Amino acid sequence: MNLVTFQAGLTLAILVILGFSGAWRAGAQTKKNTHATPAQTLTDPMKNLGSPSAPITLEVYSDYECPTCREFYERTLRALIVDYVASGKVYLVHRDFPLPGHRFSMDAARWATAAARIGRFQEVDAALYDNQKAWAADGSVEKYVEGALSPADFKRVQKQVDGCLTQTVASVKPASLSTKPQVAHNCAVDTYIQQDMALGKQVPVQGTPTYIIYYKGQKMAPTSGFVTWAILKQFFDSLLSQ
Amino acid sequence: MTTEARGNLGRVLLMVGRLALAAIFLFAAYAKLKPPVSTMHWSAASVNSSLSMFAMQVDSYQLLPPAAVSPVAHLLPPFELVLGLWLVSGVALRFSSLLTTLLLGGFFAVMVRTYALGLEINCGCFGPGEQLGTKTLLRDGSLLALSLAVTIGAFLIRKRRGHAAPSEASPAIQHGD
């Protein structure tokens with residue numbers, strides 16, 4: 001065997017090893033995520049925007065108190081909703097993933113989920129992100145939800161979260177700082193949040209925002225962190241032009 | 001061990017290190033260029049989609065200005081491919097390995113900065129889906145160390161040969177330097 005053949009063989013062997021490790025990783029990830037499309041597992045369709053038959057689905061796991069999630073909403077998702085969700089190109093799926101250590105994110109998720117159940121998710125979702133800094137400082141989530149809804153709708157939402165909230169403005173004291181999102185028992189909205197979190201753990205979500213893109217039902221690898229609308233749009237355009 | 005045997009061992013180790021780096025770069029380029037979904041076939045359009053997807057990972061590092069993200073993301077994987085092939089060829093190894101070390105050093109510095117900032121993003125090193133963390137930092141740090149060792153080895157062997165070799169294109173240098 002001459003040197004050139006030996007070198008080519010060695011390079012090929014290393015490539016095969018790397019290829020196998022990559023395939024194994026991808027295979028393991030696929031096994032972990034048995035749901036083929038997000039539509040198959042949804043129990044709360046009101047937290048989704050757009051048409052389920054859109055060629056692209058964007059499934060976003062987010063935490064209402066996470067600053068990067070707010071940036072992602074304000075600078076990327078808002079434009080996406082106007083430009084691509086409204087035109088039927090993208091179906092946007094919201095998943096709640098309140099992180100440990102964020103005092104009010106679980107309560108914010110409860111308000112958003114309760115609003116979703118009466119078809120007012122979009123308004124409350126926007127209000128929570130728009131005013132994140134304010135309510136994250138003092139826990140006044142309710143105030144901003146009330147501002148986003150009509151009095152009648154607010155009453156309907158309030159009725160659903162009544163008894164669910166673990167932290168109200170009056171009860172929040174430094175000593176009550178929780179390290180894990182507190183889940184109230186016998187609370188209907190928590191069921192939806194728990195399901196989102198269970199799905200997130202399967203991904204696995206390691207930080208927020210984490211998003212998964214589906215193209216014509218085919219799932220791509222999850223991506224984390226902030227991405228600007230211009231770059232996300234470029235990717236979606238490349239998919240839509242296939 | 002004789003001086004000659006030590007020299008041969010050094011050359012073999014250098015070759016193995018060079019080919020390992022080459023394979024890693026070729027694999028990294030392939031992982032970024034392959035179609036983003038399994039049902040999509042290889043085409044110019046699929047490569048464009050893959051590079052646009054890679055741009056999302058480059059963007060998430062929040063390091064480059066928006067106008068630079070897409071050009072960098074579209075140039076980097078082809079550059080990795082060329083660098084991998086250059087390392088396989090063994091031609092002018094001192095320069096290819098030096099370029100590899102500089103590139104890996106740059107990647108490593110960016111990753112350390114991102115990790116220190118606490119950004120929870122994907123590494124993007126070998127395609128999508130891999131979270132940046134201590135494991136990826138250790139792996140890329142090891143690759144940087146390997147690349148540095150190959151670069152030093154390539155320069156040392158060249159120095160030992162002095163100016164005896166007439167040109168970079170001689171067969172011995174092509175496959176052993």
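Keep in mind the model is a prediction, meaning the values are calculated, not measured. Proteins get letters first, then strands, A, B, ... in listed order; numbering begins at 1 in each.
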Close contacts, residues 223-242 of chain A versus chain B, judged by heavy atoms under 4.5 Å: A:Thr223, A:Ser224, A:Gly225, A:Phe226, A:Val227, A:Thr228, A:Ile231, A:Leu232, A:Gln234, A:Phe235, A:Ser238, A:Leu239, A:Gln242
Partners of B:Ser147 by side chain to side chain donor-acceptor pair (under 3.5 Å), sequence neighbours excluded? B:Thr101
Tell me whether the NZ or CZ atom of A:Lys47 lies within the 45° cone about the ring axis of A:Phe121 and under 6.0 Å from its centre. no
Name the region of A:Thr210, side chain, backbone, both or neither, that has any atom closer than 4.5 Å to a heavy atom of chain B. neither
For A:Tyr211, which atoms come within 4.5 Å of any heavy atom of chain B: side chain, backbone, both, or neither? side chain
With a 6.0 Å cut-off on ring centres, are A:His94 and A:Tyr64 close enough? yes
Note: vs chain A, highest number of non-hydrogen pairs under 4.5 angstrom among B:Ala31, B:Gly124, B:Ser46, B:Pro66 is B:Ser46
So, do B:Glu120 and B:Gln131 sit near enough that their side-chain heavy atoms are less than 4.5 Å apart? yes
So does A:Glu59 pair up with A:Arg95, basic N to acidic O under 4.0 Å? yes
Determine, for A:Glu74 against A:Arg70, whether the closest basic-nitrogen to carboxylate-oxygen distance falls under 4.0 angstrom. no
All heavy atoms of A:Ser62 vs all of A:Tyr129, minimum pair found to be OG-OH, 3.0 Å
